[in-house]
Every structure is written in structure tokens, then in C-alpha cells.
Amino acid sequence: MAFEKVKRSEDYSQWYNNIVNNADLAEHSAVRGCMVIKPYGYAIWEKMQQELDRKFKETGHSNAYFPLFVPKSLFEAEETNAEGFAKECAVVTHYRLINDPKNKGKLIIDPDARLEEELIVRPTSEAIIWSTYKNWIQSYRDLPILINQWANVVRWEMRTRLFLRTTEFLWQEGHTAHSTEQEAIEETLQMLDVYANFAQNFMAIPVIKGVKTANERFAGAIDTYCIEGMMQDGKALQMGTSHFLGQNFAKAFDVKFANKLGNQELVWATSWGVSTRLMGALIMAHSDDDGLVLPPKLAPIHVVIIPIYRNEEEFNKVTEIALKVKLELEGKSLSVKFDNRDTHKPGFKFAEWELKGVPVRIAIGPRDVENGSVEVVRRDNKEKQIMNMADLANKINHLLEAIQDNIYLKANTFLDNNIRPADTWEEFIELLDAKGGFVSAHWDGTSETEELIKEQTKATIRCVPLQNKLEEGSCIFSGKPSVQRVLFARSY
RNA sequence: CGGGGUGUAGCGUAGCCCGGUAUCGCGUCUGCUUUGGGAGCAGAAGGUCGUAGGUUCGAAUCCUGCCACCCCGACCA
């Protein structure tokens with residue numbers, strides 16, 4: 001395989017695309033805007049799924065599955081939500097193909113097979129789910145409903161990029177129903193914390209928790225909370241959202257319950273989701289010019305063992321040790337790959353596994369066999385060390401923990417260094433252009449101002465951080481009074 | 001959807017302006033030598049030149065439509 005190399009500092013977009021290619025994560029498909037997620041990429045997504053799924057169940061949720069199609073009449077029931085998505089919906093209008101009488105071997109849509117009611121391919125599932133919940137909820141005893149689904153959704157995007165924005169993508173969407181506003185808000189915030197913990201502890205990406213402004217809010221939500229990450233090129237990436245939906249969907253679908261006093265009340269709702277976009281975040285937050293860098297907790301392969309040898313006799317000796325090491329590490333629940341291909345030289349293998357981001361590489365050669373040692377190299381900082389074989393599994397485990405910590409610390413330092421205050425409009429623009437990152441600035445709280453700032457700078461308000469410090473000031477743009485700073489950034 | 005660019009073997013490309021059946025590197029296959037940072041030599045295989053039309057004796061090359069991808073806009077939870 002010939003690997004295309006572009007430095008991160010030279011062309012960030014191309015660098016990103018190359019990592020997706022070279023690390024064998026995904027490729028473009030025959031369908032515009034849709035990707036094929038390849039086995040290695042999917043293995044990483046599965047790791048994410050496993051941990052998130054565990055966290056969802058731990059917080060009392062169950063998985064279920066709702067249909068891909070949403071009848072148009074249901075879709076449009078919650079008007080704000082429907083309008084928000086209308087421009088990017090795929091629509092099914094027919095259900096049959098027939099042979100083309102004019103063109104043998106070709107098929108055409110059967111004009112007689114038009115659906116009475118069009119079906120929308122779900123861009124999100126609130127409509128179909130709330131039309132179902134209506135039937136499930138009569139009494140306060142039926143609440144709360146705490147459901148998650150793993151699914152694909154379709155949003156007809158103008159411009160796509162592998163993982164970051166594709167026409168079809170995979171995600172999970174949680175949809176919960178509650179008897180009180182308080183409980184729904186608590187649920188919204190709880191799931192935001194689940195996401196933030198996952199991002200920080202598993203993906204090793206520090207995030208800022210915040211609330212979206214009206215412009216950036218989910219269509220149909222009262223409040224949209226988010227976690228925002230900072231990529232290495234200084235652009236922000238929304239990594240997850242959690243919505244407090246109030247009673248909007250309950251009203252639209254007439255979902256009421258009898259409370260303890262026998263009175264009818266509207267149900268309170270939340271929804272929350274993360275998608276395969278997290279793969280994009282993972283790539284852009286940690287990787288370097290040599291390829292992908294994976295945090296150990298998400299690495300499909302923790303350790304790769306590469307044999308060094310000059311002849312069959314040496315290969316046999318080295319293999320014996322390698323297999324012993326492999327078994328010992330697997331005994332500690334580590335995923336280990338012994339790369340005994342005879343078709344590639346060690347140097348090639350080193351480079352290839354680095355491209356794929358495997359956290360730890362162990363090389364074993366004749367010298368090591370003699371000394372009872374192995375050469376251990378960590379992917380995150382390339383540090384090389386000779387380790388004695390004694391108690392190797394524990395040492396490797398500690399090393400993996402150290403790598404996980406180090407990757408996080410590095411990303412955290414980067415984030416800290418890329419949040420900068422601006423107090424004048426000139427300063428604001430200069431920071432955005434010269435440094436990127438988050439710019440913390442006062443804002444008068446109006447959508448008009450936010451819109452004008454976006455038009456002039458391409459920066460949007462990523463969020464109002466939770467527990468934000470209140471502070472008197474004047475809006476960076478309009479000069480009007482402001483009570484707090486918000487975070488601006490250019491974003492994906 | 002607007003502007004710009006690209007599409008030639010698995011990957012990366014030359015050739016296109018000025019029409020004559022395609023260049024080079026990597027990879028692949030065979031053999032030998034190699035193996036502690038992307039191996040060397042020798043030989044071999046592999047191509048509807050994105051796609052559909054048109055012009056022409058003849059099209060990778062010129063013209064038109066379409067498709068896909070990349071960059072910039074618009075759009076976007």
C-alpha cells in the first residue's frame with residue numbers, strides 16, 4: 001500500500017482525509033455523501049457504543065427500536081421541529097419498480113405505485129416515538145419512560161465529510177417521558193454529564209458543557225445542552241447534545257397522563273444523542289503526522305507485537321517468546337496482535353501500526369530473547385524503553401493507563417491554551433483569525449447580534465458554559481450591557 | 001445550489017494545450033538474497049483512460065450531458 005503523507009500543519013483537511021484512508025477507518029461509497037465504515041473504523045465505533053450503552057443502562061435506560069420511516073402527517077405534527085428539518089429530508093414516494101418497456105433490462109418507477117402518504121426517512125425520531133408513547137402513557141404509574149435506540153438517520157446535507165457530516169450516519173437517540181418538569185430537566189443534565197464523562201474519560205477529549213443560544217437550539221426544544229470540544233486546528237466541534245423538550249411534543253401528539261389527583265397533565269420530555277461524528281472528533285483531537293493516535297480505552301488493538309529475526313531459527317525462538325507475552329497480556333484483558341507476517345519488514349510494520357494508532361508496540365528480537373527483555377514503544381509520544389519480561393503484563397497495563405492520561409492531559413492543555421478573552425471587536429477578530437480556538441466575550445443576548453457576528457466572522461456562539469461566572473460588561477459587537485461572557489468559535 | 005479544481009492499473013501520477021490504443025513510482029505475483037524504522041536484484045501480471053453521447057479515418061486528448069470526489073461559499077442540532 002502506498003500511503004499519502006500530508007502534514008497536519010500544511011493542509012489540515014487533507015491530513016484528516018488521509019488518516020481516515022490510511023488507518024483504514026472508512027471510505028466513500030457509491031452513494032453520494034454516504035460512507036462505508038470499514039472494519040477497523042467500525043471496531044472503534046463499537047467500543048464507543050459498548051461503553052455508552054453500559055452507561056445508559058446504568059442510568060436506568062432500556063434499548064428499543066422504532067421505524068426508519070415516518071409518515072409525513074406525523075412528521076409535521078410538531079411544527080417547529082418539522083420546519084427545522086424540512087430542508088434536509090429524504091422522502092419515499094413510491095413502493096414498486098417495473099421493467100422499462102422502452103429499455104430492456106432497466107427498471108423504472110411504477111407510476112401506479114405512488115404511496116397515499118409519503119414517508120420521511122427519519123432525520124431524528126421524536127415524531128414516530130411520541131406518536132407511540134401516546135399509546136403507552138395513561139397514568140403517572142406509566143412514567144417515566146426511559147428509552148434509547150441505536151439507529152441510522154438521514155439528513156440530506158449539501159456538503160459532506162467522512163464521519164463529520166455524512167448524509168446517513170449512525171447514532172443513538174435517547175427519548176424519555178416524565179411526569180414533572182423538574183425530573184425532565186434532571187434527566188437532560190444527567191445525560192449531558194454521561195456524555196461529558198465519556199468524552200473525557202474514554203475518548204480523552206476535554207469538553208465544555210454549556211447551553212445553546214436560541215439560534216443554535218434544536219428545533220422543538222426548550223433548551224439544548226451540549227458538549228463542545230476543541231480540535232487541533234482551532235475549530236470547535238459539537239460532540240453531543242441533550243435537549244429539554246418541555247411539553248412541546250406532548251402537545252403536538254396529545255400525550256397526557258392522569259396524576260395522583262386524577263387530573264390530566266401533559267408529559268415532559270427529553271432527547272439526547274451522539275453520533276459517528278465522535279469518530280471525527282477522536283481523529284482530530286489526538287492524531288499526528290504519523291497517523292491516528294487512539295486512547296487505549298477505545299483502541300481495538302492495545303498492543304502489537306512485532307518479531308525481529310534473520311532466519312527461521314531466530315523467528316521460531318522469537319515467536320515462542322511473543323506468544324508467551326501475548327497470552328500473558330490477554331490474561332489481563334488486553335487485545336493483542338502478533339504481527340508475524342513474513343511479507344513485510346519490521347520498519348514497514350512499525351509505520352503501519354502507527355498509522356492505525358495502536359497505543360503500544362512491542363518488538364522482540366534475538367537480542368531480547370537473550371536478555372529476557374522486550375522493546376516497548378508508546379504511540380502517543382514515541383518513547384522507547386527496554387522492559388524486563390518479569391511482570392510484563394502489569395507494566396504494560398500501567399503504561400496504557402499512563403498513555404490514556406497523557407493523551408487527555410495534552411488535549412486538556414491544548415483546550416486551556418485555546419480559550420482566550422476578547423474585550424474589543426478588533427481583538428475579537430484578530431483572535432479568531434490569528435489563533436482560532438474559543439473566544440470568550442460579552443454578548444448582548446440577542447439573536448440579531450449573534451447573526452451579525454456570524455455573518456462578519458463565521459464564528460458562532462458555541463455555548464453559554466454551565467455555571468458561567470456572571471460578570472458585568474458590554475457586548476463585543478453592539479456595546480449594549482451584558483451579564484456574562486459566552487464562547488465564540490468557528491466550528492465544524 | 002453557485003464558483004473553482006480533480007477523475008488514467010489496488011494507490012499516487014505523466015500524457016491532454018498541439019488527436020495516432022498510455023508513462024513512471026509504490027503495491028501485487030514468482031524466484032533468490034534480506035529482516036532492531038517504510039528491503040535489494042531479476043522476471044511477470046494487471047487498464048471499459050469516471051460515465052453516456054457527439055465530432056473524426058482514428059479520441060485519454062476536442063465538444064456536450066451526466067456521475068463522483070476535493071476546496072471555497074450558501075445550508076446545517
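Note on naming: letters A, B, ... go to the chains in the order of the sequence lines (proteins, then strands), and numbering restarts at 1 for each one.
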Which dot-bracket notation, 5' to 3', represents the base pairing of RNA chain B when pairs are defined as Watson-Crick or G-U with both distances under 3.5 Å, crossing pairs as [ ], and inter-strand pairs as |? ((((((((.[[[..)....(...]]].((((((.....)))))).....[[[[[..)....]]]]])))))))....

Would the A:Trp272 and A:Phe56 ring centres measure less than 6.0 Å apart? yes

So, applying side chain to side chain contact (heavy atoms under 4.5 Å, CB included) with A:Thr270, which one of A:His243, A:Met191, A:Glu183, A:His178 is it? A:His178

Distances under 3.5 Å only, N/O to N/O: pair up the protein atoms with those of nucleotides 45-52 of chain B.
none

Across the strands shown, which category fits A:Pro307 at heavy-atom distances under 4.0 angstrom: base, sugar-phosphate, nothing? nothing

Could you go through the side-chain hydrogen bond (donor to acceptor under 3.5 Å, both in side chains) check for A:Asp53 and A:Asn63 one step at a time? CA-CA 9 Å; A:Asp53 203 63; A:Asn63 286 331; 2.8 Å; yes

Minimum heavy-atom distance A:Gly280-A:Tyr16, with the two atoms named: CA-OH, 3.5 Å

Hey, is the side chain of A:Glu354 pairing donor to acceptor with the base of B:rG37 inside 3.5 Å? yes

From NE2 of A:His344 across to P of B:rG27 the rounded distance in Å is 9 Å

For B:rU61 and B:rU8, measure between their C1' atoms and round to the nearest Å. 11 Å

Phosphate OP1/OP2 of B:rG37 contacted by A:Lys382 side-chain N/O (<4.0 Å): no

Compare the minimum distances between each of B:rG38, B:rC76, B:rG36 and the side chain of A:Pro366, then state the nucleotide with the smallest one. B:rG36

Measure from NZ or CZ of A:Lys209 to the centre of the six-membered ring of A:Tyr225, then state whether that distance is under 6.0 Å and the direction lies within 45° of the axis. no

Give A:Arg361 one of three labels, base, sugar-phosphate or nothing, depending on what nucleic acid heavy atoms sit under 4.0 Å from its own. base

Rounding to the closest angstrom, what is the interatomic distance between B:rC72 and B:rU28 at atom P? 35 Å

For nucleotides B:rA52 and B:rA68, find the distance between their C1' atoms and express it as a whole number of Å. 15 Å

Residue of the set A:Lys7, A:Arg379, A:Arg8, A:Gln232 for which side chain to side chain donor-acceptor pair (under 3.5 Å) holds with A:Asp288: A:Arg379

Should the pair A:Tyr133 and A:Trp130 be assigned to parallel (<30°), tilted (30 to 60°) or perpendicular (>60°) ring geometry? perpendicular

B:rG54 and B:rC11, which share atom name C1', separated by this distance in whole Å: 33 Å

Taking atom P in both B:rA74 and B:rU13, what distance in whole Å separates the two? 29 Å

Using the P atom as the reference point in each nucleotide, state the distance between B:rG46 and B:rG5 in Å, no decimals. 37 Å

Starting from P on B:rC75, measure out to CD on A:Glu157 and report it in whole angstrom. 13 Å

Considering every strand and a 4.0 Å limit on heavy-atom distances, what is the contact class for A:Gln238: base, sugar-phosphate, or nothing? sugar-phosphate

Of the listed nucleotides (B:rG36, B:rG38, B:rC76), which one gets closest to any side-chain atom of A:Glu88? B:rC76

Can you tell me, in whole Å, how much space there is between the C1' of B:rC57 and that of B:rG12? 36 Å

Roughly how many Å is it from CH2 in A:Trp171 to C1' in B:rC76, rounded to a whole number? 14 Å

Rounded distance (Å) that lies between atom P of B:rG37 and atom CD1 of A:Ile306: 11 Å

So which of A:Glu383, A:His302, A:Gln385 actually passes side chain to side chain contact (heavy atoms under 4.5 Å, CB included) with A:Leu399? A:Gln385

Under-3.5 Å N/O pairs linking protein and nucleotides 67-73 of chain B:
unit_1	atom_1	unit_2	atom_2	d
B:rA68	OP1	A:Arg32	NE	3.2
B:rA68	OP2	A:Arg32	NH2	2.8
B:rC69	OP1	A:Gly33	N	2.9
B:rC69	O3'	A:His28	NE2	3.2
B:rC70	OP1	A:His28	NE2	3.4
B:rC72	OP2	A:Arg159	NH2	2.4
B:rG73	OP1	A:Lys458	NZ	2.7

What integer distance in Å separates A:Lys349:NZ from B:rG38:P? 14 Å

What orientation do A:Phe198 and A:Phe202 show, parallel under 30°, tilted 30 to 60°, or perpendicular over 60°? parallel

Quick one: do A:Lys337 and A:Asp339 make a salt bridge, cutoff under 4.0 Å? no

Touch check for A:Glu173, heavy atoms < 4.0 angstrom, all strands: base, sugar-phosphate only, or nothing? nothing

Tell me the interatomic distance from A:Lys38, atom NZ, to B:rC11, atom P, rounded to whole angstroms. 10 Å

Let me know the distance between CG of A:Asp342 and C1' of B:rA39, rounded to the nearest Å. 13 Å

Against A:Met389, only a single residue in A:Val374, A:Asp368, A:Asn371 fulfils side chain to side chain contact (heavy atoms under 4.5 Å, CB included); can you say which? A:Val374

On the six-membered ring of A:Tyr492, is A:Lys235 placed so that its NZ or CZ lies under 6.0 angstrom from the centre and within 45° of the ring axis? yes

For B:rG27 and B:rA22, measure between their P atoms and round to the nearest Å. 24 Å

Before giving the answer on side-chain contact (heavy atoms from CB on, under 4.5 Å), spell out for A:Leu334 and A:Leu400 the whole-Å C-alpha distance, their side-chain angles and the decisive distance to 0.1 Å. CA-CA 10 Å; A:Leu334 296 180; A:Leu400 286 167; 3.5 Å; yes

Among B:rC75, B:rG36, B:rG37, find the nucleotide with the atom closest to the side chain of A:Lys87. B:rC75

Ring centre gap for A:Phe488 and A:Phe428 strictly below 6.0 Å: yes

Rounded distance in Å - CD (A:Glu83) to P (B:rC75): 17 Å

What nucleic acid atoms does A:Asn311 come within less than 4.0 Å of, heavy atoms only: base, sugar-phosphate, or nothing? nothing

Name the residue closer to the 5' end of RNA chain B, choosing between A:Glu216 and A:Ile364 according to the nucleotide with the nearest heavy atom. A:Ile364

Toward the 5' end of RNA chain B, which comes first, A:His243 or A:Thr343, by nearest nucleotide? A:Thr343

